[in-house]
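Worksheet: the structure to be examined is printed underneath.
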Number of protein chains: 2
Amino acid sequence: MSEEKYLQNYKKTLFESPLLTVDAVLFTYHQGDLKVLLIERSNHPEKGKWALPGGFVDEKKDRSLEDTVIRILKQKTSVEPPYIEQLYTFGGPDRDKRGWSVTISYTALIAHQACRSHIETVSNVDWMNVARAEKMELAFDHQQILYRARERLRQKALYSIVPAYALPETFTLPELQRVHEVIIGKPLQKKSFRRRIEQANLLIDTGEKRSEGGRPAALYRMREKSGDYTFVRNLEQ
Amino acid sequence: MSEEKYLQNYKKTLFESPLLTVDAVLFTYHQGDLKVLLIERSNHPEKGKWALPGGFVDEKKDRSLEDTVIRILKQKTSVEPPYIEQLYTFGGPDRDKRGWSVTISYTALIAHQACRSHIETVSNVDWMNVARAEKMELAFDHQQILYRARERLRQKALYSIVPAYALPETFTLPELQRVHEVIIGKPLQKKSFRRRIEQANLLIDTGEKRSEGGRPAALYRMREKSGDYTFVRNLEQ
DNA sequence: TTAATAGTGTCTTTTAGACACTATGGG
DNA sequence: CCCATAGTGTCTAAAAGACACTATTAA
């Protein structure tokens, strides 16, 4: 049989296949806390429980899995987050009551203000303190997904400046350090933190300053691709 | 409607869903080269091309995606590799001619001798030099998957001793260093390499020695969980 | 001037790089 | 004894930790 003939006769639906979803762990930083976006489920299964934003691949619209997660997050927040990274794919017979299922999970970061107004208008979507969310009973295995995203973000905070994507486009170094400290869970040496960022030339000084009751701090913006940079040495663990 | 009623009425096959597969990039080290396990496809689609070992989730047998990849690799090699790690999930409308598809890919490592005899008996399964495989036209997007696995392994070689799983259970430090050098693609400082492994106490001295034309080298085995250990500082990049 | 926060100088510590040295076995 | 390979000593270099110091603003 030729390949053409094979493909003509091939019917995907003939084979039983796990249920496939895409979920996102969207973090932000606001008022000293790391927060995660949760949705209160209005449909079965797991109706009424809080869950990570997620959904199905739309074979018509989506050209990639990243398209899917971006589409889902835009639905919930009205904006596209500046940082998205695939986290892990979870699969098993029991994680969803509908049967053997697989979810491709993503970690994303966004500035709180970028989607605040939109989220405030919707009742079943909300930012929740990560510490609190981790203790809650979330839908499906979303607690496990959140935990893994949290751990990965903690690692990234030790060897990259990816956490900067949880801040607005311009930010000060003390602000960025605070985000890292919240994620890592312990204070960092100011000098070490600043030295490595300066040496790697990851930020652009906007020339502006912002005052918070003391000496005004310089406002920076990320240089292109700075999220990809990894320091060769971790901060103290 | 109650959740029970919802679940009774739910039919997975009613919704179009991407084709789901699991693929493995199984590396080994043999005679100075990094090798990857490839299969010559005997069925459509992509019949006749070389591909990574892969297959479908078996909803009856598999309790997790890792079960799936282990089952697939056991079919091809007769043994279960000592190191398996999820790599990345690829998805899109064009990567498989049968339609929108998703593959969850894994990286695995095994000693060459552990499955040599079995592989030699099968005609369409073979170890191939990674450098050569990367230049070949593989089935589906397997070239891209291989490339990504190769990159991840290179990174791991800089901050872990994961490459040790490509060697037999006992090995010498010069052997391990050679594996790292092949993966990284450049020579390493003997002293630096040994010092960090000793300091982190990752290996157990078996007391045995092995001679290769000069002073005999001590034989080590990995300590439990040594594959999870990450050095805080990378080797030179 | 003081309080508060931003930012720097500089010494110490840690860990990798470089490379020469010693050690151990086989012919 | 010589060759080959294994393994060590030790100085240098790079980058983080510690912490005190200076700088800049508002009240």
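Naming: A, B, ... by sequence-line order, numbering from 1 per chain.
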Exercise: do A:Thr89 and B:Thr89 side chains pair donor with acceptor under 3.5 Å:
yes
hbond_proxy B:Arg215 side chain to D:dA4 base (donor-acceptor, 3.5 Å cutoff):
no
Without decimals, in angstroms, what is the distance between B:Gln189 CD and C:dT15 P?
18 Å
How many Å lie between NZ on A:Lys190 and C1' on D:dA20, as a whole number?
11 Å
Could you give the CG-to-P distance, from A:Asp205 to C:dG7, as a whole number of Å?
9 Å
Round to a whole Å and report the spacing from CZ of A:Arg178 to C1' of C:dA6.
10 Å
A:Glu198 CD - D:dA14 C1' separation (whole Å):
16 Å
Is there a donor on the side chain of A:Lys191 or the base of C:dG7 sitting less than 3.5 Å from an acceptor on the other?
no
Distance in angstrom units between A:Gln199 CD and D:dA16 P, rounded
7 Å
Want to settle it: does B:Gly213 or B:Arg233 sit nearer the 5' end of DNA chain D, counting the closest nucleotide to each?
B:Gly213
Using 0.5 Å steps for rounding, measure from the CZ atom of A:Arg223 to the CD1 atom of A:Ile197.
13.0 Å
Considering only side-chain heavy atoms of A:Pro216, which listed nucleotide, D:dG7, D:dT24, C:dG7, is closest?
D:dT24
Would you indicate which nucleotide in D:dA16, C:dG7, C:dT15 comes nearest to any side-chain atom of A:Ser192?
D:dA16
Nucleotide nearest A:Pro174 (side chain, heavy atoms from C-beta), chosen from C:dA6, D:dA15, C:dG17:
C:dA6
Quick one: do B:Leu202 and B:Tyr220 satisfy side chain to side chain contact (heavy atoms under 4.5 Å, CB included)? Show the steps, please.
CA-CA 10 Å; B:Leu202 297 178; B:Tyr220 294 89; over 6 Å; no
Would you mind reading off the distance between B:Glu175 atom CD and D:dG7 atom P, rounded to a whole angstrom?
11 Å
Salt bridge present between A:Glu151 and A:Arg154 (N-O < 4.0 angstrom):
yes
Quick test of your reading of the model: are A:Glu85 and A:Lys156 salt-bridged, counting only N-O distances below 4.0 Å?
yes
Please state how far atom CG in B:Leu188 lies from atom P in C:dG17, giving the value in whole angstrom units.
8 Å
Is any side-chain N or O of A:Arg195 under 3.5 Å from a base N or O of C:dG7, one able to act as donor and the other as acceptor?
no
